[in-house]
Amino acid sequence: GIKVEMVGRIDNDQYIISDINSINVVDNSIKLENNKVGNEKVLTVLVNFDDNPIEVLNISDVENTMFNNPNSVRAYFLEASYGKLDLSGNVIGYFTQPRSLLNCNNMFPLYYSIINQIDPYVYFPDYQYIVFSINEGCLPNIGIPNMQFITQDGVVRVGLAVMRPESMYLNSIGHELGHAMRLSHARAYECGSGIAYGSCSLIEYGDPYDMMASYNHFHFNSIEKEFLGWFNNNQVIEVTESGIYEIEALSISSSNPKVLKIPKRYNYNTCELFEWYFVEYRLPIGFDNESRNYLENYNVTNGAWIHYSP
């Protein structure tokens, strides 16, 4: 995290920088806390438009998808976090919005209007996440962390996931909630036959065995789990010397070691390690038991799986 000073103005809840040269780094040593643990609540809001106010989804079906089914969003996060994050919540709707607010290049006025419409029925401080399911095909599925809304309950900040109705299933909702928890895509680098330096191309959705790369229900990788605060100290082995180390599969729900964290680069100015290799092992267990048998068919289970954290 970096603390900066800059010159600008606030216009319609947006900060506009007057001079790019005015940005000055004040403190670059701030440690960001992003632990997603405990009991957190999700409000799911079903939305349609006044020119076609059909109700595509059934509230009870959405409740099952979010919280009740064995393969629900709640069940995934409970397993992937080793029981540390338990999601609960409510589903409400349908709420009808004017079609005139729809602008697929700028959805924020619509988001604010939805919040205003549901405001009399919701106590927003109860919720850490909001999911909008909006009946409109031009909308991208998207996850936004720390979205700010002004409500009758005051200013609230929530993780926001916006979904099309046809995307209201675990793989897509979990992916966008991951973004709402400040996760990026699970990327990869293609460096040809050389080592992983120099002329490498970035593959935005490069890790096919991670919910944050493709719309599957594989576990988040070990870097993401550490960022979310889901590992106990004894589940991560920081390797400081050569040796033989044993870890178990990432998706097994136990307190045993899950990942080796190997230092790659050291900052001599701050005396901190800032680049790491994360070594994990995958087996088709729990939500990693994907129906197309990707882990086994592509020999992922035959050895270690290595991620790099810059």
**Student:** Are the side chains of F231 and K84 in contact, using a 4.5 Å heavy-atom criterion?
**Tutor:** no

**Student:** With Y245, which residues qualify under ring-ring contact (aromatic ring centres under 6.0 Å, His included), at least two apart?
**Tutor:** none

**Student:** Pairs in or reaching into residues 223-261: which pass disulfide bond (SG atoms under 2.5 Å apart), with residues at least two apart or in two chains?
**Tutor:** none

**Student:** Determine whether P208 and N216 make a side-chain contact, defined as any pair of heavy atoms from C-beta on separated by less than 4.5 Å.
**Tutor:** no

**Student:** Under the salt bridge (Lys or Arg N to Asp or Glu O under 4.0 Å) test, which residues partner E226, sequence neighbours left out?
**Tutor:** K261

**Student:** How long is the span from the CE atom in M107 to the CD1 atom in I142, to the nearest 0.5 Å?
**Tutor:** 9.5 Å

**Student:** Heavy atoms, side chains only, cut-off 4.5 Å: are L170 and M211 in contact?
**Tutor:** yes

**Student:** I'd like to check W230 versus F77 (side-chain heavy atoms, cut-off strictly below 4.5 Å). Are they in contact?
**Tutor:** yes

**Student:** Only counting residues at least two apart or in another chain, list the ones meeting ring-ring contact (aromatic ring centres under 6.0 Å, His included) with Y129.
**Tutor:** none

**Student:** Quick test of your reading: applying salt bridge (charged side-chain N to carboxylate O under 4.0 Å, His left out), list the pairs with at least one residue in residues 242-258, sequence neighbours left out, ordered by first then second residue.
**Tutor:** E248-K258

**Student:** Only pairs at least two apart or in different chains count here, so list each disulfide bond (SG atoms under 2.5 Å apart) that has a residue in residues 55-118.
**Tutor:** C104-C138

**Student:** Under the salt bridge (Lys or Arg N to Asp or Glu O under 4.0 Å) test, which residues partner R282, sequence neighbours left out?
**Tutor:** E280, D288

**Student:** Once ring-ring contact (aromatic ring centres under 6.0 Å, His included) is applied, do any residues pair with F108, and if so which ones, sequence neighbours excluded?
**Tutor:** Y111

**Student:** With distance as the sole criterion, is a donor-acceptor pair present between the side chains of H219 and E224 under 3.5 Å?
**Tutor:** no

**Student:** Show me the side-chain donor-acceptor pairs of residues 114-124 shorter than 3.5 Å, one per line, residues at least two apart or across chains.
**Tutor:**
residue, atom, partner, partner atom, Å
N116, ND2, Y112, O, 3.4
Q117, OE1, Q97, NE2, 2.5
Q117, NE2, T96, O, 3.2
D119, OD1, Q152, N, 3.4
D119, OD2, Q152, N, 2.8

**Student:** Please list all pairs meeting disulfide bond (SG atoms under 2.5 Å apart) that have one or both residues in residues 45-74, counting only residues at least two apart or in different chains.
**Tutor:** none

**Student:** Side chains of M168 and D61, heavy atoms from C-beta outward: is any pair under 4.5 Å?
**Tutor:** no

**Student:** Please list all pairs meeting salt bridge (charged side-chain N to carboxylate O under 4.0 Å, His left out) that have one or both residues in residues 129-158, counting only residues at least two apart or in different chains.
**Tutor:** R99-E136

**Student:** How does the hydrophobic cluster around Y189 look, that is, which other residues are in it when side-chain heavy atoms under 4.5 Å mark a link?
**Tutor:** L202

**Student:** Can you confirm whether L43 sits close enough to I92 that some side-chain heavy atom of one is under 4.5 Å from a side-chain heavy atom of the other?
**Tutor:** yes

**Student:** Side-chain contact test, heavy atoms from C-beta onward, threshold under 4.5 Å: evaluate it for P109 versus N103 and give yes or no.
**Tutor:** no

**Student:** Is the shortest heavy-atom distance from the side chain of W276 to the side chain of P263 under 4.5 Å?
**Tutor:** yes

**Student:** Is there a donor-acceptor contact under 3.5 Å linking the side chains of N141 and S167?
**Tutor:** yes

